[in-house]
Number of protein chains: 2
Amino acid sequence: MQAVDRAIRVLLYLASDEARGESGVSDIAKGTGLPKATVHRLLRAFSPHRFVEQNPETGKYRLSWGVFEVGNKVPGVIGLKMAARPEMASLCEISRETVNLAVRDGTDAVLIDKVDSNQLLRLELEIGRREPLHATALGKALLCEFGKDALAGVFGPEPWPAVTPSTIQTLAGFAAALEAVRRDGYATDNEEFSVNIRCVGAPIRNHTHRVIAAISVSGPAHRFPADRAKEVAPAVVQAAKNISKLLGHG
Amino acid sequence: MQAVDRAIRVLLYLASDEARGESGVSDIAKGTGLPKATVHRLLRAFSPHRFVEQNPETGKYRLSWGVFEVGNKVPGVIGLKMAARPEMASLCEISRETVNLAVRDGTDAVLIDKVDSNQLLRLELEIGRREPLHATALGKALLCEFGKDALAGVFGPEPWPAVTPSTIQTLAGFAAALEAVRRDGYATDNEEFSVNIRCVGAPIRNHTHRVIAAISVSGPAHRFPADRAKEVAPAVVQAAKNISKLLGHG
DNA sequence: TTCGTCGTTTCACCTTCCGGAACAGCATTC
DNA sequence: GAATGCTGTTCCGGAAGGTGAAACGACGAA
């Protein structure tokens, strides 16, 4: 399926930071390594479905709303957002920090929605972004039910890539962290994903009792000492439980 | 570009309401009119990019997070959401009705984001949904700068399709409505899209002073008499202006 | 057991995509 | 102002690659 594979590569290029919104045919050809004529043909195939559109002024191409429309039809995304948003808003009000909602996809957590704090200093992660599971509170919450063998099947060989000096890089270390999550009901991230950022996360379950998502509160380390994390954790856990209840859990 | 076109048709089928989340290969083949083997090959091409995934329990296929990720990289979507969300939240608090954010794509308004009221009776429109421009307050706000000739270029021949008995179906009628929008600064929808639903919308402009989006407040007609609409309108206009300012307008 | 249907695989045919090269239009340069 | 270098776009012969009817193995229902 060469043609489809190339088509997706063009889409991914347009979605990449490298493209920064608009790209010319030649840029895409260079970025993907495909011949210019091929890229142009693919773009023409996308246009009628509104996956891409051409800026009539510059002649350059950009992603368009057709792909946004399809992307928001991923099963669960609407229900999750609707169930979670009110709880996230009140959690943001309580904690005065940014609240994130994510699901698992492979070895990444995909950010589905967020509610920003109105603090001046805050973590800016875009919706749709990916974060490595092994380096985040969201990841620990999403994987909290996984045993050592299941984890080994998800992640590659050790040591796992270090995002910061504090990132957990071993199966044993991560399994111990998950044990703590199961015991306490919440997960933490002590500057394991980004230096100076701490998080507290909790798992969300659906009617089959399986963990299908997670929420987290994240803030700069100076506003998030260890005791503050413990203070916020019950609110995070409660919010996650409330969302789970809306999804039929409990 | 036959293969790409078919690939997109498969994606669109999986995104359609008909698919309801999960679909088998045979369902997709029937729904798209494509041979079963072809559908299967396309699905296998999508998998490594995480555009679709297979439910290991049922064997059926569903959209996955890769396409969500790409969809949220459509230029403007992140900036718009971030600029608009706080204003939308306070507008929702003031009006106690659902607040919508949309952009134009062809003859449709695409719903980008929304903040739900906590009223029991409320309009439920999913993010990514499309509404016809000519039947909504959002549409009138998005097109408010268009003259008669420009409108004729956007829409097809008259009469335009009626969504409800009140839907404006003629170019002249719609142009008059836009004249009112330009005069008052806000647009209205008197059960033109859905019986028993009224809306008030206002345009959002970017740094080039062009209308790039619109917000609206929508509620059931019994809570939205004509005087209430006039009462809410200034808040809607002010919110739209605040968002525009964040985007560099004025 | 038998039947039906599921997702998956095969393979020879031939459609359809491929991509270097040429094209027209616009900017910048000398 | 002609030359140069870019842009997006088009053309066409060659062959790579997609196509899809039919067969397969596995599962579940009758």
Side-chain angles (χ1 to χ4, degrees), chain A residues 1-16 18-67 74-75 106 208, chain B residues 1-16 18-64 66-67 74-75 105-106 208:
Chain A
M1 215 78 252
Q2 191 191 63
V4 176
D5 206 74
R6 291 174 162 190
I8 295 180
R9 273 165 58 195
V10 168
L11 277 189
L12 292 177
Y13 178 84
L14 286 171
S16 71
E18 195 183 345
R20 270 195 300 286
E22 270 190 9
S23 304
V25 173
S26 307
D27 299 333
I28 303 171
K30 248 162 217 151
T32 57
L34 265 40
K36 210 165 56 157
T38 301
V39 171
H40 183 256
R41 212 174 320 118
L42 290 169
L43 290 170
R44 283 198 66 79
F46 282 135
S47 295
H49 300 284
R50 312 221 48 100
F51 272 41
V52 304
E53 67 185 357
Q54 188 175 25
N55 184 336
E57 293 165 16
T58 63
K60 290 172 185 285
Y61 288 86
R62 57 166 102 108
L63 292 179
S64 186
W65 300 104
V67 64
V74 173
T208 67
Chain B
M1 213 78 255
Q2 189 193 63
V4 176
D5 206 75
R6 290 173 163 192
I8 295 180
R9 273 165 58 194
V10 169
L11 277 188
L12 292 177
Y13 178 83
L14 286 171
S16 71
E18 195 182 345
R20 270 195 301 284
E22 272 189 8
S23 304
V25 174
S26 305
D27 300 332
I28 304 172
K30 248 163 217 149
T32 57
L34 265 37
K36 209 166 54 157
T38 301
V39 171
H40 182 257
R41 213 176 320 119
L42 291 168
L43 291 170
R44 285 200 65 78
F46 282 136
S47 295
H49 300 284
R50 311 222 47 98
F51 272 41
V52 303
E53 68 185 357
Q54 188 175 25
N55 185 336
E57 294 163 16
T58 63
K60 290 172 186 284
Y61 288 85
R62 57 168 103 107
L63 292 178
S64 186
V67 64
V74 173
D105 188 40
T208 67

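The figures that follow rest on heavy atoms only: side chains count, while hydrogens, waters and symmetry mates do not. Here is how names work: the chains are called A, B, and so on, in the same order as the sequence lines, proteins then strands, and each is numbered from 1.
Residues B:Ala29 and B:Val39 approach most closely at CA-CG2, 3.8 Å, considering heavy atoms. The shortest non-hydrogen separation linking B:Val74 to A:Ser64 is CG2-O, 3.3 Å. A:His49 and A:Ala45 make their closest contact through CD2-O, 3.6 Å (heavy atoms, listed as atom of the first residue, atom of the second, distance). In plain terms, the two heavy atoms of A:Gly66 and B:Asp105 that are nearest each other are N-OD2, 4.5 Å. Closest non-hydrogen pair, B:Met1 versus A:Ala3, comes out as CE-CB, 4.4 Å.
Within the 4.5 Å cutoff, the side chain of A:Leu11 has heavy atoms near those of the A:Val52 side chain. Side-chain contact between B:Leu63 and A:Pro75 is present, with at least one heavy-atom pair separated by less than 4.5 Å. Side-chain contact between B:His40 and B:Lys36: absent, with no pair of heavy atoms (C-beta onward) separated by less than 4.5 Å. At a threshold of 4.5 Å between non-hydrogen side-chain atoms, the residues B:Thr32 and B:Arg6 do not count as touching. In this structure, A:Ile28 and A:Leu42 have side chains that are not in contact, with every pair of non-hydrogen atoms separated by 4.5 Å or more.
Contact between the side-chain N/O atoms of A:His40 and the OP1/OP2 oxygens of D:dT9 is found at a separation under 4.0 Å. For A:Tyr61, a side-chain nitrogen or oxygen approaches OP1 or OP2 of D:dT9 to under 4.0 Å.
Distance B:Arg41 CZ to D:dA21 P: 11 Å, rounded to the nearest Å. A:Leu42 has its CG atom 15 Å from the C1' atom of D:dG8, to the nearest Å. What separates CZ of B:Arg6 from P of D:dG17 is a distance of 18 Å, to the nearest Å. Residue A:Leu43 contributes atom CG, which lies 14 Å from atom P of D:dT7 at whole-angstrom precision. Rounded to whole angstrom, the span from the CD atom of B:Gln2 across to the P atom of D:dG17 amounts to 16 Å.
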Give me, pair by pair, the N or O atoms of the protein and of nucleotides 22-28 of chain D that are less than 3.5 Å apart, along with how far apart they are.
none

Every protein N/O lying under 3.5 Å from an N/O of nucleotides 3-6 of chain D:
none

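Atom OG of residue A:Ser47 and atom CD of residue A:Glu53 lie 9.0 Å apart, to the nearest 0.5 angstrom.
Where A:Val25 and B:Leu34 each meet DNA chain D at their nearest nucleotide, the meeting point lying more 5' is that of A:Val25. Residue whose closest nucleotide on DNA chain D sits further toward the 5' end, between A:Met1 and A:Gly24: A:Gly24.
Applying the side chain to side chain donor-acceptor pair (under 3.5 Å) test to A:Gln2 and every residue at least two apart in sequence or in another chain returns nothing.
Within residues 47-60 of chain B, no residue has any heavy atom under 4.0 Å from DNA chain D.
Other residues, nucleotides and ligands contribute over 12 non-hydrogen atoms within 6.0 Å of the CZ atom of A:Arg9.
Rounded to 10 degrees, the angle separating the terminal helix axes of the helix from C:dT16-D:dA15 to C:dC30-D:dG1, each built from five base pairs, is 10°.
Comparing C:dC11 with D:dA16, their C1' atoms are spaced 16 Å from each other, to the whole Å.
Once you apply a 4.0 Å limit to the heavy atoms of chain B, the touched nucleotides of DNA chain C run 5' to 3' over C:dC6 to C:dC18.
Between B:Phe51 and B:Phe46, the two ring planes are parallel [angle under 30°; tilted spans 30° to 60°].
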